[in-house]
Amino acid sequence: MNSFVTQKERIVSLDIIRGLALFGILFINVAAFKILVEGELPEYSGINGIIETFIDIFIEKKFFSIFSFLFGVGFYIFASRAEARGDKPRWRFARRLLALLLIGIVHIIVFWGSILSIYAIIGFLLIPFYNAKISTISKWLFAIITVHVLCILGQLFMPNQGAFSTVFGILGNDVVTIFIMFLTGFLVAKADWINHISECSKQLKWIQFVTFPIFVGISLWIGFAPKGDYQNLQLIIGLGVVPTTYFYLTCLFVMLENKSIAKFLKPIGRVGQMAFTNYLAQSFIGLAIISLMGLEVVSHSYVVIIAILIFAIQIIFSVSWFKFFKMGPFEKLWRFMTYGRKAVPNK
């Protein structure tokens with residue numbers, strides 16, 4: 001039986017989605033944990049080819065986008081709570097971003113593909129929107145998405161256009177996608193839609209109605225695109241990121257309205273509850289497993305095995321951790337770097 005999800009449970013549902021996003025990110029990052037110093041990556045066929053296509057269609061860039069959406073949600077929650085305490089929300093968030101930037105720079109030394117420092121830099125672009133009206137944010141979001149999509153199409157169908165190609169490359173890249181999802185998450189949180197999923201059922205169905213056929217069309221395009229043309233394949237994948245992510249998110253929010261499903265997935269929510277710690281830990285655990293397995297190149301079949309193994313370890317660790325502590329270790333460090341010794345209590 002479905003029932004309304006309380007505010008407390010809604011936070012749990014966000015943690016579950018965050019945990020699922022971390023799992024999806026693993027399928028992209030695992031292969032990058034081991035850098036190939038010499039030689040070329042092999043061309044995969046058979047089961048590895050099938051897995052590669054599956055990842056391209058369903059996972060590539062989509063779960064980073066879900067993670068980005070949740071970052072935007074987190075910005076509004078963090079800043080609004082800071083304002084409610086009488087703090088300066090934009091200044092406090094800026095300090096939080098500077099702390100994230102510092103940690104991200106250190107993390108790059110361990111894992112060259114770390115996204116944290118990029119998140120911190122892009123996050124500063126959210127600050128001017130904090131006091132903006134919902135209608136204003138919506139207009140900005142629609143305009144940015146439109147320009148972004150047109151620039152990706154420009155790269156696909158009008159290459160080698162001189163200055164235009166440069167503009168297409170700048171406005172049609174993944175950095176803009178991250179900001180789009182930041183702003184989407186911020187808008188959803190500011191409008192308080194997350195706490196009223198049941199009341200937004202018509203809007204959610206409309207989003208699904210629009211995005212599902214786009215998702216199917218782009219998926220078929222990716223499936224039949226030549227694998228050798230890496231640049232065009234990435235552009236096609238990028239074209240489908242925003243609608244696919246919107247489709248995924250609406251489905252997840254509706255699904256997690258069911259309390260039985262939310263309860264079953266709660267261990268994954270524990271992973272999401274300490275997402276910062278787990279994201280950092282993934283690179284260390286992955287490198288250790290790859291070294292123990294003695295792999296020179298991580299094929300797609302090994303990516304699946306290692307990703308599942310890492311996530312299983314993180315579920316066990318996270319569930320065990322919260323039996324004794326209220327906050328993840330790096331979450332606590334980030335909190336200290338944000339507030340200093342006068343950190344507010346965790347609520």
Side-chain angles (χ1 to χ4, degrees), residues 18-67 103-119 174 222-223 225-234 236-238 241 267-268 270-272 274-321 328-330:
R18 193 176 289 110
L20 291 171
L22 280 172
F23 185 44
I25 287 170
L26 272 172
F27 287 88
I28 306 303
N29 281 354
V30 165
F33 290 154
K34 181 74 173 181
I35 301 176
L36 186 65
V37 179
E38 296 181 356
E40 297 181 358
L41 290 172
E43 293 186 8
Y44 295 113
S45 59
I47 185 64
N48 282 305
I50 294 171
I51 294 172
E52 181 181 18
T53 301
F54 180 90
I55 290 174
D56 286 342
I57 292 173
F58 296 103
I59 299 176
E60 179 78 31
K61 299 184 182 182
K62 284 83 171 178
F63 284 84
F64 269 117
S65 293
I66 292 175
F67 207 63
I103 296 172
I105 291 171
V106 175
H107 189 222
I108 288 175
I109 299 172
V110 178
F111 174 44
W112 64 273
S114 174
I115 198 73
L116 298 179
S117 55
I118 296 174
Y119 265 37
D174 292 342
I222 294 170
K227 298 299 179 184
D229 193 347
Y230 178 80
Q231 183 177 358
N232 270 6
L233 179 61
Q234 290 300 305
I236 297 168
I237 292 171
V241 168
I268 293 176
R270 290 301 192 187
V271 177
M274 51 190 293
F276 192 29
T277 295
N278 281 318
Y279 177 76
L280 292 168
Q282 283 180 350
S283 52
F284 293 96
I285 299 171
L287 282 168
I289 293 173
I290 291 169
S291 298
L292 288 172
M293 295 175 72
L295 299 175
E296 292 296 328
V297 177
V298 185
S299 67
H300 292 297
S301 56
Y302 276 120
V303 164
V304 173
I305 295 169
I306 295 170
I308 292 173
L309 184 57
I310 292 173
F311 200 66
I313 292 170
Q314 294 197 310
I315 289 176
I316 294 169
F317 175 76
S318 300
V319 170
S320 301
W321 180 270
F330 278 95

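All residue numbers in this chain count up from 1 along the given sequence. All of these numbers come straight from a predicted model, not from anything done at the bench.
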What I'd like to find out is whether the side chain of Ile28 reaches to under 4.5 Å of the side chain of Glu60, using heavy atoms alone. yes

Can you find a heavy atom in the side chain of Asn29 that is under 4.5 Å from one in the side chain of Phe111? yes

Given side chains that start at C-beta, do those of Ile51 and Val303 come closer than 4.5 Å, heavy atoms only? no

Less than 4.5 Å apart, side chain to side chain, heavy atoms only: is that true for Asp56 and Ile236? no

Mind checking the CD1-CG spacing from Ile315 to Leu22? Nearest 0.5 Å is all I need. 11.0 Å

Please round to the nearest 0.5 Å and tell me the distance separating atom CD1 of Ile25 and atom NZ of Lys61. 14.0 Å

Tightest non-hydrogen contact, residues Trp321 and Pro329, listed as CZ2-CD, 3.4 Å

What distance separates Ile316 CD1 from Arg270 CZ, expressed to the nearest 0.5 Å? 15.5 Å

Would you say Val30 and Ile310 make side-chain contact, with heavy atoms under 4.5 Å? yes

Determine whether Ile103 and Phe276 satisfy the following criterion, side-chain contact (heavy atoms from CB on, under 4.5 Å), listing intermediate values before the conclusion. CA-CA 10 Å; Ile103 296 172; Phe276 192 29; 3.7 Å; yes

Rounded to the nearest 0.5 angstrom, the OG1-CD1 distance for Thr53 and Ile57 is 6.0 Å

Examine distances only and state if a side-chain atom of Tyr119 and a backbone atom of Gly104 form a donor-acceptor pair shorter than 3.5 Å. no

Ser65: side chain to side chain donor-acceptor pair (under 3.5 Å) partners, not counting sequence neighbours: none

Could you pull out all residues at least two apart from Ser283 that satisfy side chain to side chain donor-acceptor pair (under 3.5 Å)? His107

Closest approach of Thr277 and Gly328, non-hydrogen atoms and distance? OG1-C, 3.9 Å

Quick one: are Ile306 and Leu295 in side-chain contact, heavy atoms under 4.5 Å? yes

Closest non-hydrogen atoms of Ala275 and Arg18, given as atom of the first, atom of the second and distance, are CB-CD, 3.3 Å

Can you confirm whether Ile290 sits close enough to Tyr302 that some side-chain heavy atom of one is under 4.5 Å from a side-chain heavy atom of the other? no

The test is side-chain contact (heavy atoms from CB on, under 4.5 Å); show your working for Ile285 and Gln314 and say whether it passes. CA-CA 9 Å; Ile285 299 171; Gln314 294 197 310; 4.2 Å; yes

Output all residues satisfying ring pair (Phe, Tyr, Trp, His ring centres under 6.0 Å) with Phe23, sequence neighbours left out; order by chain, then residue number. Phe27, Phe311

Sequence-distant partners of Ser301, side chain to side chain donor-acceptor pair (under 3.5 Å), two or more places apart: Asn48, Ser299

CD1-CD1 distance between Ile50 and Ile55, expressed to the nearest 0.5 angstrom: 12.0 Å

About how many Å separate CD of Glu52 and CG of Leu233, when rounded to the nearest 0.5 Å? 8.0 Å

Mind checking what makes ring pair (Phe, Tyr, Trp, His ring centres under 6.0 Å) contact with Phe330, not counting sequence neighbours? none

Answer yes or no: is there a donor N or O on one side and an acceptor on the other, between the side chain of Lys62 and the main chain of Gly24, under 3.5 Å? no

I want to check something: taking the side chain as every heavy atom from C-beta on, are Phe64 and Asp174 in contact at a cut-off of under 4.5 Å? no

Phe54: which residues meet the ring pair (Phe, Tyr, Trp, His ring centres under 6.0 Å) condition with it, sequence neighbours left out? Phe58

For a quick test of reading the model, state the closest non-hydrogen atom pair linking Ile66 to Ala21 and the distance between them. CG2-CB, 3.9 Å

